[in-house]
Each structure stands twice: as structure tokens, then as C-alpha cells.
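Notes follow the structure.
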2 protein chains.
Amino acid sequence: MSSNNFKQELFTQFARVGKAMSNGNRLELLEFIAQGERSVDELAKISGLSVANTSQHLQQLRLAGLINCNKRGLKVFYHISGDDVIDLFNSLRNVAERHLSDVQQLISTYLTVKDDLEPIPATELLDRARDGLVTVLDVRPSEEYQSGHVPGAINIPLSQLEKHLGSLDKAHDIVAYCRGPHCVLAFDAVEKLRDKGFTAHRLEDGFPEWKSAGLPVE
Amino acid sequence: MSSNNFKQELFTQFARVGKAMSNGNRLELLEFIAQGERSVDELAKISGLSVANTSQHLQQLRLAGLINCNKRGLKVFYHISGDDVIDLFNSLRNVAERHLSDVQQLISTYLTVKDDLEPIPATELLDRARDGLVTVLDVRPSEEYQSGHVPGAINIPLSQLEKHLGSLDKAHDIVAYCRGPHCVLAFDAVEKLRDKGFTAHRLEDGFPEWKSAGLPVE
DNA sequence: CAACTATTCAATTAATCTATTGAATACAAT
DNA sequence: ATTGTATTCAATAGATTAATTGAATAGTTG
């Protein structure tokens, strides 16, 4: 029966996408790329893989339709091939968090210590920001900030937070955000700010989620 | 830096889910299970795999948190471990359909040939059914029919269609539906019915779409 | 208790995947 | 044209995966 054949072919194709997401390094690369366009050497540096190895993983992601590239000057830049890929990634993470006990354990041992740092939802943030009550703080590296950020947010990468503490107003609440729910940058920032006497909160989710929720972007 | 370690650990765990979905047979099994609880031998039969092989694939899906099982009597029944898994599956299919040219080609070559079997939209069907002009035919297996179907539809699984041809009225148009846009059951049914001289159409989309569109269900 | 059934486990082989290495390409800068 | 840089390609070895086979297990039935 040829329809059976068709169905199997189809599933085999779907499996290509699964296979692309079956390796931790590739998922990490994908997450970096989801934050904005990245060149191969950047990705190699961030992920700690060799350039050749990074390149190969990128090919696989590309052949599975998850990312695309374009060359500008000497460098090849990779970007996510669509918002549906971000949805897929989030679904995957969601399933892993809910159903894999190892993940639950990992998160609870690493993050609960820090998670008294109550997050605040995005809608509330917009209200408070409009009223001039909060300082929105983007703690990601400045390249990421430049390729898109929450409106009105100021950028102080975590590594430079200490230096710039003076430029922050203690009268305002501070809301810090970074790359996503498991990015520890914002956790660390809020911890440090509170140590110094600021009123600081962590934004629930990070910039990719903000963007894909259709919220305004600068 | 230990947070890097944590992140890598986390991605490695996420990759387990991807790995579970990196094989066509497993995806097929997952889809069958998503339609309702299934025993191992049922799944082996439908998928055409050996029982031992099926069992092993099921273990992998289970260890990735996608399915769960419970034993009743002699048999072990597997079921989807949550709606989030269905979301994940749909995201995966969605990405594959949009970004893999092989999938687009497969769908267009296999389905367009048959797609002269013009589909009819749901709203029109309801009108025609109310006027008693059409026979609505559910060609899914009877368990699926029993757990919910289009109002007034009669159930003849595709495998038994030949036998029950006599019970169908040639004076009425027949509209067949199954599980969804890529389910070939309805295609095959319409093809067979037309061969036998019936006026048959395919319902655009399947029962899951019908239900989630908020249309009435019996 | 013995025979049977449905499922899982264990061992094997062939195929595939990952990371590493070093060379090849493509292009920009000089 | 030559040099230098960013990326990709190709070949390799070790690890992992899929399917097959046959045996083991758990539980039901007679």
C-alpha cells in the first residue's frame, strides 16, 4: 500500500528535525542563534567547541531547516529560520521540564537557592515602566542588546554591573532580564543589586520570549 | 564557572527529548499513541515492527518522558504523558512542513494527485447535513469514533468499507473525514467510493481540527 | 501447578554519529 | 598577485543506535 509508504517517508522527514535537536551542543547553538544573528566564530567561542565542529553542527541545523545563513564580508552569519522554530524549542524545553525528573532535579538544585528573587510578569513591567516607576535593566552582552531589546531598557552587561552601580537610581525599582528562563545572568544581577541595597526583581522569561510574545521591541 | 556546567547539563537533558523524536518509527508510534491508549501488540501490528523492537522504541519514548504506561490484565497500555507532548509533536511537524523542501515535495506529489478529491469546508457540511443531503462518514477506527465524532456521522473504518458498501445510499453525497490534513484514510475512502459509483468528497481537515475549531461534537 | 500470553531484557551486527585533525576553499586586505 | 582570515570539507577513530534473535519475566488461564 503506497499510502503507508508515504506516511513513513513523512515521519522519516519529521525525524530529521528531531535528530537535529538530539544533541546538547546543537541545542545550545540554536539557543544562541535564537537570540540574534551570530557568526560561526562567535558561536564557537560561546559554546566552547572548535570552529570546525561548530560549523558541522551548524550544517546539521541548517539541513534540518532550523537555521539559515548569509555571508557578509568575511563572515557567515546564521539566524533562526522562523518563529515556529522558537516555538518548537520552547515546546521541547517545556516537555523536558515537565516530564524529565532529571531536569526537575537539576533546576531545583541549581536555581531554587536563588529563586527567592521573585520574577515579575511582562505586562506588569510595561505598566510600571510607563509610569516611570522602574528601571529596566538588560544584563546581556551589548551586541545582543544592540540587536534588539525591551523598549526603554538600559544595558549594563553583568560583567560591568559593579562599575556602573553609581549610575542607577536607588529610588527606582530595578527589573533585570536576560536571555530566558534558565539564563542565570538576571539571577546573578538581582542578587548583586539587592546586596547593594537596591530594590531589584527578575523579569519572568527573557528577551526571546518577550519578542515572540509580540511585545514591543527597540 | 558552574552555571555553564549547569546549562550544558540542561541542554543534554533537553536533547534526550530530541533524540526520542529522531526516529521515524518512534514518531509514528507516538502519533498512534496520541490518538488514544494503545497496547504494545496493537502498536507493533499497526507500525509493522516486531514486538520486541516496538517495545524498545516505547522504552525510549518513555524514558524521554513522552509517554507513560500502565498494565491492565496481561497487556501494557501506553498513553501520551500530557498535552504538551502533542504541542511538541505539532510544532515539530509544523517546522518540518515549512522548512524542509523534501516534505513540501512529498506532500505536493503524493497528496495533490489525489486532491482532485475536492475537500469541502466544515460550515458547508453542517448546512448540507441539516438538509439531509449528505451522509457524513467517519473512517477512523471505531475506538476513535466512540471517543468523539462529528454529529450525525456514521462510522465505517476504512478496513471495513468494502463490506459495508451496501448500507450506503447512492442517492446521497458522501463526505468522509479522518484524523487530519495528512491522514490518508479519507483520501483512500473517497477514492474507493468513487470507484464504486458514489458521489464522495473529503472533509477538509479531520476530527481534531473540527473539535478544536469549536464545532459541535457527539 | 502447568501451559500460555504479552511484554521486556540481553546480546549481536551493521549502520550512524561525534569530535578531532588537517587540508581546501572563498574572499578581503594589502 | 600574495597574504591572511573565516569557514567548510574530508578522513578518521571511538561511541552510540537500530533491528534481529532468542531467552527471561510476570501474570493469567485452565
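Values below: all heavy atoms of this structure, side chains included; hydrogens, waters and symmetry mates excluded.
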Looking only at side-chain atoms of [X], point me to the closest of [options].
X: B/Val76; options: D/dG4, C/dA19, C/dT7; result: C/dT7
X: B/Gln59; options: D/dC9, C/dC9, D/dT28; result: C/dC9
X: B/Ala52; options: D/dT7, C/dC9, D/dC9; result: C/dC9
X: A/Ser55; options: D/dT8, D/dA6, D/dA18; result: D/dT8
X: A/His57; options: C/dT18, C/dT8, D/dT5; result: C/dT18

Regarding [X], tell me which of base, sugar-phosphate or nothing describes its non-hydrogen contacts under 4.0 Å with the strands shown.
X: B/Arg26; result: sugar-phosphate
X: A/Val51; result: base
X: B/Ser22; result: nothing
X: A/Asp41; result: sugar-phosphate
X: A/Thr54; result: nothing
X: A/Glu42; result: nothing
X: B/Tyr78; result: sugar-phosphate

Rounded to the Å, how far apart are [X] [atom1] and [N] [atom2]?
X: A/Arg38; N: D/dT7; atom1: CZ; atom2: C1'; value: 18 Å
X: A/Leu61; N: D/dT8; atom1: CG; atom2: P; value: 12 Å
X: A/Leu49; N: D/dT7; atom1: CG; atom2: C1'; value: 15 Å
X: A/Leu58; N: D/dT8; atom1: CG; atom2: P; value: 7 Å
X: B/Lys75; N: C/dT8; atom1: NZ; atom2: C1'; value: 16 Å

Atom pair OG (A/Ser47) and CD (A/Glu42), whose distance is rounded to the nearest 0.5 Å: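 So the gap between those two atoms works out to 11.0 Å.
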SB check [X] [Y] (cutoff 4.0 Å):
X: A/Lys75; Y: A/Glu37; result: no
X: B/Lys7; Y: A/Glu31; result: yes
X: A/Arg16; Y: B/Asp102; result: yes

B/Gln60 vs B/Ser50, nearer the 5' end of DNA chain D by closest nucleotide: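 Mapping each residue to its closest nucleotide by heavy atoms, the 5'-most match is B/Gln60.
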Parallel, tilted or perpendicular, as decided by the 30° and 60° cut-offs, for the rings of B/Tyr145 and B/His149: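 Parallel.
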Donor-acceptor side-chain pairing of A/Asp138 and A/Tyr177 below 3.5 angstrom: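 Checked: A/Asp138/A/Tyr177 side chains pair up, N/O donor to acceptor below 3.5 Å.
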No-H, no-angle donor-acceptor pair, A/Gln56 side chain to D/dA10 base, under 3.5 Å: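 It does, because a donor-acceptor pair links the side chain of A/Gln56 to the base of D/dA10 below 3.5 Å.
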Presence of A/Asn23 side-chain N/O under 4.0 Å of C/dT18 phosphate oxygens OP1/OP2: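 Yes.
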5' precedence on DNA chain C between A/Asn53 and A/Lys71 (nearest-nucleotide basis):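 Taking each residue's closest nucleotide, the earlier one in sequence belongs to A/Asn53.
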